Amino acid sequence: MNWTQSTTTRLVLVCAAIALGAAQLPAAAAQRDAAPKADFVRGAKLWASNCTRCHIVRDPKDLRDDQWIASMYHMRLRAGLTGQDTRDILRFLQESN
Amino acid sequence: MTSQTLTLRRTVISAVLAAAFPLAAGAAEPLEALQAQIEALQKQLEQLRNEVTQQRSGGASQDLAAEVSKLKQEVKSAQEWKQANTVIHLAGYADAGYTDTKNASGTFTPFSFNPIFHFQYKDLLLVEAEPSISIDETGETTVDLEYAALNLFLGDHAALVAGKFQSPIGQFRQNLHPSWINKLPSAPTGFGHGGAAPIAEVGIQLRGGAPLGAGENRVNYAVYVGNGPEVEIEDGEIEMVESEGFGRDRDGSKVWGGRIGFFVPSQRLDLGLSAATGKVAGMMESDIKRDYEVVGADFAWRPARFELRGEYVRQKVGDAAVSAAPEGGEWKAWYLQASHRLGNTNWEPVLRYGRLDTPHASGNQKQWALGLNYLFASNVFAKAAYEFNDSLKGAATDDDRLLVQLSYGF
């Protein structure tokens, strides 16, 4: 495979991956709307078990409710949390600070 | 005296008085008017009193209502940030320290400031960027962009990341390197700049997590495609693999890779495997492609207050006969780190052993690091460590070091 073919093939694959991701958006929106309500108790357990995977667990009082939102989505990416895990932990933090 | 006489006398007296005081008879009318005015004023006063009383009682409730309304508005305003579609947040970390290297004079290390900017739209999109602001040895301010990416959340199990992101190969670079997380003041040998572990990438990435079975076990993953690293050639050899994340692709071939991780909460255990492959080129040899591959493995085990973690990474660059540096090379690094929080105290001793093997003898290093941390808070640490370094005699990497650092994560 020469340079041009290789690049074209990979570009096609990248575009396909992005298209595949974009195709998930309507389903993702529906999934968000139908997501179970965040669970405080479950969130407390997940907070205790997940945060310590990398660092000392942070006190819920360290941040305000709005600050925890962005922090938790940042951590969702870092720790590979599911959306539901993220919402559960967020609820625990927001109701414990 | 008869009645006629009395009547006469009264008549005379009245006539005399009338003649003497002609106004006295007319004074009765103004008096009555005055009395009427007084009565009217009294009525008005009474009305005013009633009005004032009513106003006082009615006015108080009106004031109260106004106050309540104002409070409601304030509460509503205070609640707005909870319901806002867009959240703006500033996080990050900072550190300062002192390093005393054997055969060199001790120096205060520059204050390093890494703010992390977050801009989030609902639970759909998160933009995050982390510049690293510091000063170099000459006092000049340096600003490096550690990462800056758009993260589009595609449901509960995936997010599309586009931009510059930390390399998902291994754990240290993407999760553990911030000074308020790293338990020692230095990175393990081979996991810093120019080592064996890739630092960052410019491209796109898909990452997320999902339940593994019905329990609480989780699988997490990251797959990416990016511009890839470049090799630095010097004196006919590949000096190092530069992997800070390039906004160009000299070889025209992308690098693909990723990591898959498993988290078992009941065992407090994390396991991960990483790999990447592609082509790289020299900084001055864009037309000469070389094979490039990375493999890695990592784990972390945290029973109670004890933590044991380790990581291995190998980065390999292929040969290129027509290059100024025809021979490729292999960079390997690994470390094992143990830490333990002492009882109910804030003291935490740390021990780490690491090793880096490169194509150059002066780059090879074996390192023991013994440290002691004091935790002022969960995000404020004072760290002191001593590194016992073993490398080519006379090389800077052979000198032992004492490091002290104060770090804060916010």
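Note that the structure is predicted; figures quoted are calculated from it, not measured. The basis for the numbers below is simple: all heavy atoms, side chains too, and nothing from hydrogens, waters or symmetry mates.
- Between A/D62 and B/S378 the shortest side-chain heavy-atom distance falls below 4.5 Å.
- Remark: A/R78 engages B/E128 in a salt bridge, criterion side-chain N to carboxylate O under 4.0 Å.
- A distance of 10.5 Å separates CG of A/L90 from CG of B/D123, quoted to the nearest 0.5 Å.
- For B/P168, no part lies under 4.5 angstrom from a heavy atom of chain A.
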Evaluate the criterion side-chain contact (heavy atoms from CB on, under 4.5 Å) for residue pair A/D66 and B/H89; output intermediate values, then yes/no. CA-CA 8 Å; A/D66 59 325; B/H89 177 232; over 6 Å; no
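- Heavy-atom pairs under 4.5 Å with chain B peak, among A/T82, A/L63, A/T52, A/L81, at A/T82.
- Interface summary for chain A: among B/R309, B/Q171, B/R268, the most heavy-atom pairs under 4.5 angstrom belong to B/R309.
- Here the CZ-CG distance, from B/F165 to A/L77, works out to 12.0 Å after rounding to the nearest 0.5 Å.
- With chain A as partner, the option from B/R218, B/Q174, B/K183 having the largest number of non-hydrogen pairs under 4.5 angstrom is B/R218.
- Within the 4.5 angstrom heavy-atom criterion, only side-chain atoms of B/L375, from C-beta onward, approach chain A.
- For a residue to count as touching a neighbouring chain, one of its non-hydrogen atoms must lie under 4.5 Å from one of that chain's; by this rule B/F263 touches chain A with the side chain only.
- Between B/L124 atom CG and A/Y73 atom OH the span is 10.0 Å, to the nearest 0.5 Å.
- Closest approach of B/V87 and A/A70 over heavy atoms only: CG1-CB, 4.2 Å.
- For B/A162, no part lies under 4.5 angstrom from a heavy atom of chain A.
- Remark: the backbone N or O of B/D270 is not paired with any side-chain donor or acceptor of A/R53 at under 3.5 angstrom.
- Neither the backbone nor the side chain of A/T86 has a heavy atom closer than 4.5 Å to any heavy atom of chain B.
- In this structure, CZ in B/R302 is found 7.5 Å from SG in A/C54, a value given to the nearest 0.5 Å.
- Rounded to the nearest 0.5 Å, atoms CD1 (A/I69) and CG (B/L126) are 11.5 Å apart.
- Two residues are said to be in side-chain contact when any heavy atoms from C-beta on lie closer than 4.5 Å; A/I56 and B/F381 meet this criterion.
- Put simply, the side chain of A/R87 reaches to within 4.5 Å of the side chain of B/D156, judged on heavy atoms.
- Note: B/H118 NE2 to A/S71 OG = 6.5 Å, rounded to the nearest 0.5 Å.
- Ring geometry, B/Y147 versus A/H74: the interplanar angle falls under 30°, so the pair is classed parallel (tilted spans 30 to 60°).
- The residue among A/Q84, A/K45, A/R76 with the most heavy atom pairs within less than 4.5 Å of chain B is A/R76.
- Of the two parts of B/A91, neither the backbone nor the side chain holds a non-hydrogen atom closer than 4.5 Å to a non-hydrogen atom of chain A.
- Other residues, nucleotides and ligands contribute over 12 non-hydrogen atoms within 6.0 Å of the CD atom of A/E95.
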